[in-house]
Amino acid sequence: MKENGRCITKLENMGFRVGQGLIERFTKDTARFKDELDIMKFICKDFWTTVFKKQIDNLRTNHQGIYVLQDNKFRLLTQMSAGKQYLEHASKYLAFTCGLIRGGLSNLGIKSIVTAEVSSMPAYPDTGLHPKTPRSQPELKPRVRCSTNCATQVLR
Amino acid sequence: MAVCVAVIAKENYPLYIRSIPTENELKFHYMVHTSLDVVDEKISAMGKALVDQRELYLGLLYPTEDYKVYGYVTNSKVKFVMVVDSSNTALRDNEIRSMFRKLHNSYTDVMCNPFYNPGDRIQSRAFDSMVTSMMIQVC
């Protein structure tokens with residue numbers, strides 16, 4: 001169990017370093033950012049598109065330093081199904097991605113804490129014996145919560 | 001070409017500073033240090049001034065009788081400062097911009113090097129040779 005914890009921390013730190021380099025490369029030709037919200041929008045659109053080939057589906061903020069980024073079909077987890085088998089491994093992918101975001105923000109001058117939560121892993125709905133008409137996309141909504149102040153605030 | 005090139009981290013300490021060795025290096029270090037104030041002034045004025053186009057290139061920071069100092073700030077708040085000989089009047093704005101572009105590209109490559117820790121002095125040979133090419137006088 002301790003191994004798992006250290007592994008998560010290491011992955012997050014690796015993601016941090018990669019995020020720093022990636023942001024440097026991606027912001028090389030963009031205009032200067034006006035404010036924090038501008039930076040978050042950049043992360044949701046350009047950064048996410050370049051890394052995951054899609055944009056963030058939903059960005060919410062309380063305008064006091066907490067941003068919730070929602071990705072309805074997180075590419076790193078689409079191949080994993082619901083069930084205990086992959087649960088501990090899924091957290092590793094999330095840790096790396098959290099590090100990625102934290103590194104990117106830190107290079108742009110924002111100290112942040114990034115956490116991730118998955119509401120449900122991919123799964124087909126319960127259609128009985130013959131899944132003749134399954135839903136075309138598995139439902140998967142990981143949410144990434146960034147709080148940009150050093151003290152975490154609770155978003156109600 | 002350039003007489004002195006400096007890369008300053010966002011905490012305002014130099015990551016890389018190099019000048020033509022024939023001259024008194026301390027003088028250039030001092031010029032770069034004073035130019036940081038001008039850079040900060042330009043960045044903070046960006047929010048209020050309507051003229052600025054949110055560009056990364058800052059332009060001429062201040063001229064002295066022998067030298068001109070140009071500045072450039074990246075989105076990650078790393079500043080590039082270049083001191084150029086005033087007597088070289090053939091140097092145009094576009095050329096300065098392209099020199100800063102090259103600097104930025106090389107800096108990005110250094111940043112992406114996994115063996116480089118952000119915040120350390122830059123010791124990359126590729127970066128060194130790029131700066132050398134900018135500083136050598138083309139006769």
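Worth knowing before you read on, the calculation uses all heavy atoms, side chains too, and leaves out hydrogens, waters and symmetry mates.
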Seminar exercise, completed: Whatever's closer than 4.5 Å to a heavy atom in chain B on A:Arg17 counts as side chain
Exercise. Listed by chain and number, what are the ring pair (Phe, Tyr, Trp, His ring centres under 6.0 Å) partners of A:Phe26, not counting sequence neighbours?
Worked result: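 Residues passing ring pair (Phe, Tyr, Trp, His ring centres under 6.0 Å) with A:Phe26: A:Phe47.
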Exercise. So, are A:Arg25 and B:Asp109 salt-bridged, with charged N and O less than 4.0 Å apart?
Worked result: yes
For this session: State whether A:Glu12 and A:Arg102 are salt-bridged, where the test is any N-O pair (Lys NZ or Arg NE/NH1/NH2 against Asp/Glu carboxylate O) under 4.0 Å.
Result: yes
For this session: Quick one: which of A:Val18, A:Asp29, A:Asp35 has the most heavy-atom pairs under 4.5 Å with chain B, could you say?
Result: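 Ranked by heavy-atom pairs under 4.5 Å with chain B, first place is A:Asp29.
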Exercise. Distance-only, no hydrogens or angles: does the A:Asn107 side chain make a donor-acceptor pair with backbone N or O of A:Ile23 under 3.5 Å?
Worked result: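 Not confirmed, A:Asn107 side chain does not pair with A:Ile23 backbone.
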Exercise. Should the ring pair B:Tyr30 and B:His33 be called parallel, tilted or perpendicular, given that the plane angle runs from 0 to 90° and is split at 30 and 60?
Worked result: parallel
For this session: Could you label the plane-to-plane angle of the B:Tyr107 and B:Phe80 rings as parallel, tilted or perpendicular, counting under 30° as parallel and over 60° as perpendicular?
Result: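 Plane angle over 60°, so perpendicular.
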For this session: Could you tell me which of B:Asn75, B:Val78, B:Val110 has the largest number of non-hydrogen atom pairs under 4.5 Å with chain A?
Result: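 Looking at each option in turn, the highest pair count goes to B:Asn75.
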For this session: Evaluate the criterion side-chain hydrogen bond (donor to acceptor under 3.5 Å, both in side chains) for residue pair B:Thr108 and A:Glu24; output intermediate values, then yes/no.
Result: CA-CA 6 Å; B:Thr108 311; A:Glu24 191 67 49; 4.5 Å; no
Seminar exercise, completed: Expected contact set for residues 112-130 of chain B against chain A at heavy-atom separation under 4.5 Å reads B:Cys112, B:Asn113, B:Tyr116, B:Pro118
